[in-house]
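I have placed the structure first, in the form of structure tokens, so that the comments after it can refer back to it.
Just so you know, residue 1 is the first one in the sequence shown, and it goes up from there. Just follow the structure's listing: the first ligand is 1, and inside any ligand the first atom is 1. This one's a predicted model, so the numbers in the text were calculated from it and none came from an experiment.
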Amino acid sequence: MTGEHPASEADHLESWTTAPLLEDRVAIVTGAARGIGLEIATVFARHGANVLIVDLAEPDAQAAAASIGSAGGVAEGIGADVSNEDDVDRVIQTCQERFGSIDVVVNNAGIIRDATMRKMTLEDFRAVLDVNLTGTWLMTKAAGAVMRAQRSGAIVNMSSISGKVGLVGQTNYSAAKAGIVGLTKASAKELAPHQVRVNAIQPGLILTPMTENMRDDIREAKLKEIPLGRIGRPSEVAAVALFLASPLSSYVTATVTEVTGGRYA
Ligand code: NAP
């Protein structure tokens with residue numbers, strides 16, 4: 001794999017603790033049919049969670065759930081668009097019907113529509129805001145209401161380092177991902193009195209279907225910016241999501257964790 005060191009601490013991520021951290025918890029992970037979301041759902045299931053996989057195409061969500069099931073985990077898949085309020089309400093209702101509660105939500109679904117502002121259309125600006133930011137708000141609002149009532153819960157929002165520094169060609173994505181930081185901090189303060197925690201992750205360059213087709217020269221240029229000198233793995237984002245979702249982070253809320261190999265620190 002380009003840019004990866006042969007031996008890495010990441011090889012040992014799953015062996016550092018044998019205690020299941022999410023035993024009998026119910027977790028919703030959006031955009032989890034592939035990439036970082038699928039890795040998070042897989043790790044959560046390995047740590048004892050019942051997982052509802054949400055993705056645009058129901059067959060893809062169900063296939064991902066089946067792969068977790070065949071590895072001994074408990075997961076179901078549902079098709080939904082996180083930017084559609086009715087879909088989000090259906091996800092919340094389905095989760096409660098199937099699993100009885102909602103303890104963790106990872107707002108991971110995201111899209112990019114990169115172009116310089118000179119060429120970007122309003123449609124592409126709105127589409128990226130809709131899925132990344134409005135989708136996160138809708139899920140946080142709906143799941144937050146359930147969590148408030150049960151007086152417990154953890155929400156993890158997927159921002160991006162693009163939302164911290166602003167990247168050329170991503171006025172839409174940088175705006176959405178910066179918006180997620182504000183949403184995370186404001187909702188964390190609203191929900192803290194109800195014992196619900198909300199935190200965000202800002203990944204850097206992670207090898208997923210979203211990034212694997214990057215031009216070689218662009219990839220090499222980005223690698224030079226990364227102090228750890230390699231591209232990150234989905235499992236390295238999932239490890240931080242596991243921490244933020246679990247009781248290990250019981251006194252952590254309204255934070256943003258960068259998972260970037262030191263890039264743009
Ligand atoms: P990915 O491989 O493109 O996966 C994203 C998933 O979200 C896809 O399965 C996609 O479904 C689904 N999705 C898209 N729109 C949706 C919607 N409206 N409702 C429900 N699901 C939807 O992306 P990834 O690289 O794993 O990224 C996951 C998250 O991390 C995103 O929020 C991304 O912005 C963030 N992130 C990624 C990187 C990176 O380097 N990869 C860096 C920083 C932040 P379809 O396949 O059907 O479109």
Side-chain angles (χ1 to χ4, degrees), residues 1-3 28-43 52-65 67 77-91 105-114 124 126-139 142 156-167 170 172-181 183-184 200-214 218-219 222-223 225-226 230-238 240-241 256-261 263-264:
M1 197 181 296
T2 319
I28 297 174
V29 186
T30 69
R34 67 183 206 189
I36 293 170
L38 176 56
E39 188 66 27
I40 291 171
T42 303
V43 168
L52 184 63
I53 290 182
V54 181
D55 213 289
L56 273 181
E58 185 144 303
D60 293 351
Q62 288 176 344
S67 75
I78 183 170
D81 176 350
V82 296
S83 67
N84 180 301
E85 190 169 19
D86 291 340
D87 279 16
V88 168
D89 289 344
R90 186 167 47 81
V91 167
V105 169
V106 182
N107 286 307
N108 169 80
I111 58 167
I112 47 174
R113 297 270 172 87
D114 291 2
D124 282 348
R126 285 199 169 130
V128 167
L129 266 288
D130 259 10
V131 176
N132 290 279
L133 183 56
T134 309
T136 300
W137 182 81
L138 284 170
M139 281 295 301
V156 181
N157 295 329
M158 206 57 71
S159 175
S160 164
I161 204 66
S162 181
K164 176 186 172 184
V165 298
L167 293 178
Q170 293 196 325
N172 49 4
Y173 187 74
S174 296
K177 294 305 197 183
I180 286 176
V181 172
L183 165 59
T184 297
I201 299 175
Q202 288 187 326
L205 186 59
I206 310 295
L207 194 72
T208 71
M210 191 183 259
T211 52
E212 68 190 358
N213 295 323
M214 192 180 293
I218 296 179
R219 183 191 301 258
K222 284 183 190 285
L223 273 173
E225 298 171 349
I226 304 172
R230 63 178 177 84
I231 293 173
R233 301 182 190 181
S235 60
E236 294 176 293
V237 181
V240 176
V256 181
T257 303
E258 296 176 21
V259 185
T260 61
R263 187 174 172 222
Y264 297 134

Problem set entry | Donor-acceptor pair, side chain of Thr211 and main chain of Ile206, under 3.5 angstrom | yes

Exercise. Donor-acceptor pair, Thr30 side chain versus Asn108 backbone, under 3.5 Å?
Worked result: yes

Proximal ligand 1 atoms for [X], defined as those under 4.0 Å from one of its heavy atoms:
X      : value
Tyr173 : 33 (C), 34 (O), 35 (C), 36 (N), 43 (C), 44 (C)
Asn108 : 28 (C), 29 (C), 30 (O), 31 (C), 32 (O)
Asp81  : 17 (C), 18 (N), 19 (N)
Ala80  : 19 (N), 20 (C)
Thr211 : 39 (C), 40 (O), 41 (N)

Tell me the closest heavy-atom pair linking [X] and [Y], and the distance in Å.
X      : Y      : result
Leu167 : Ser174 : N-OG, 3.2 Å
Ile201 : Val156 : CD1-CG1, 3.7 Å
Ile180 : Leu133 : N-CD1, 3.6 Å

For [atom], what is the nearest protein heavy atom, given as residue, atom name and distance?
atom                    : result
atom 46 (O) of ligand 1 : Arg34 NH1, 3.4 Å
atom 7 (O) of ligand 1  : Gly31 CA, 3.3 Å
atom 37 (C) of ligand 1 : Ile36 CD1, 3.8 Å
atom 25 (O) of ligand 1 : Thr208 OG1, 2.5 Å
atom 43 (C) of ligand 1 : Pro203 O, 3.4 Å
atom 40 (O) of ligand 1 : Ile206 N, 2.9 Å
atom 19 (N) of ligand 1 : Val82 N, 3.1 Å
atom 5 (C) of ligand 1  : Gly110 O, 4.0 Å

Exercise. Under the side chain to side chain donor-acceptor pair (under 3.5 Å) test, which residues partner Asp124, sequence neighbours left out?
Worked result: Arg113

For this session: State which residues pass side chain to side chain donor-acceptor pair (under 3.5 Å) with Asp87; sequence neighbours excluded, sorted by chain then number.
Result: Arg90

Heavy-atom gap [X] to ligand 1 smaller than 4.0 Å:
X      : value
Ser162 : no
Gly232 : no
Ser159 : yes
Lys177 : yes

For this session: Would you mind reporting whether Glu258 and Arg263 have side-chain heavy atoms less than 4.5 Å apart?
Result: no

Problem set entry | Test item: Thr260 and Gln202 side chains (from C-beta on) under 4.5 Å apart, heavy atoms | no

For this session: Under the side-chain hydrogen bond (donor to acceptor under 3.5 Å, both in side chains) rule, what do Ser162 and Gln170 come out as? Steps first, then yes or no, please.
Result: CA-CA 8 Å; Ser162 181; Gln170 293 196 325; 2.7 Å; yes

For this session: Could you check Thr208, Leu207, Val106, Val259 and say which one makes a side chain to side chain contact (heavy atoms under 4.5 Å, CB included) with Ile36?
Result: Thr208

Problem set entry | Step-by-step side-chain contact (heavy atoms from CB on, under 4.5 Å) determination, Leu223 to Ile231 | CA-CA 7 Å; Leu223 273 173; Ile231 293 173; 3.9 Å; yes

Exercise. Which part of Val131 is near ligand 1, with near meaning a heavy atom under 4.0 Å away: side chain, backbone, both or neither?
Worked result: side chain

Exercise. Any ion pair linking Arg230 and Glu236 (charged N to carboxylate O, less than 4.0 Å)?
Worked result: yes

Considering [options], which one's heavy-atom position lies nearest to [atom]?
atom                    : options                : result
atom 45 (P) of ligand 1 : Asp55, Ile111, Thr30   : Asp55
atom 42 (C) of ligand 1 : Gly204, Ser160, Gly163 : Gly204
atom 21 (N) of ligand 1 : Val237, Val259, Leu56  : Leu56

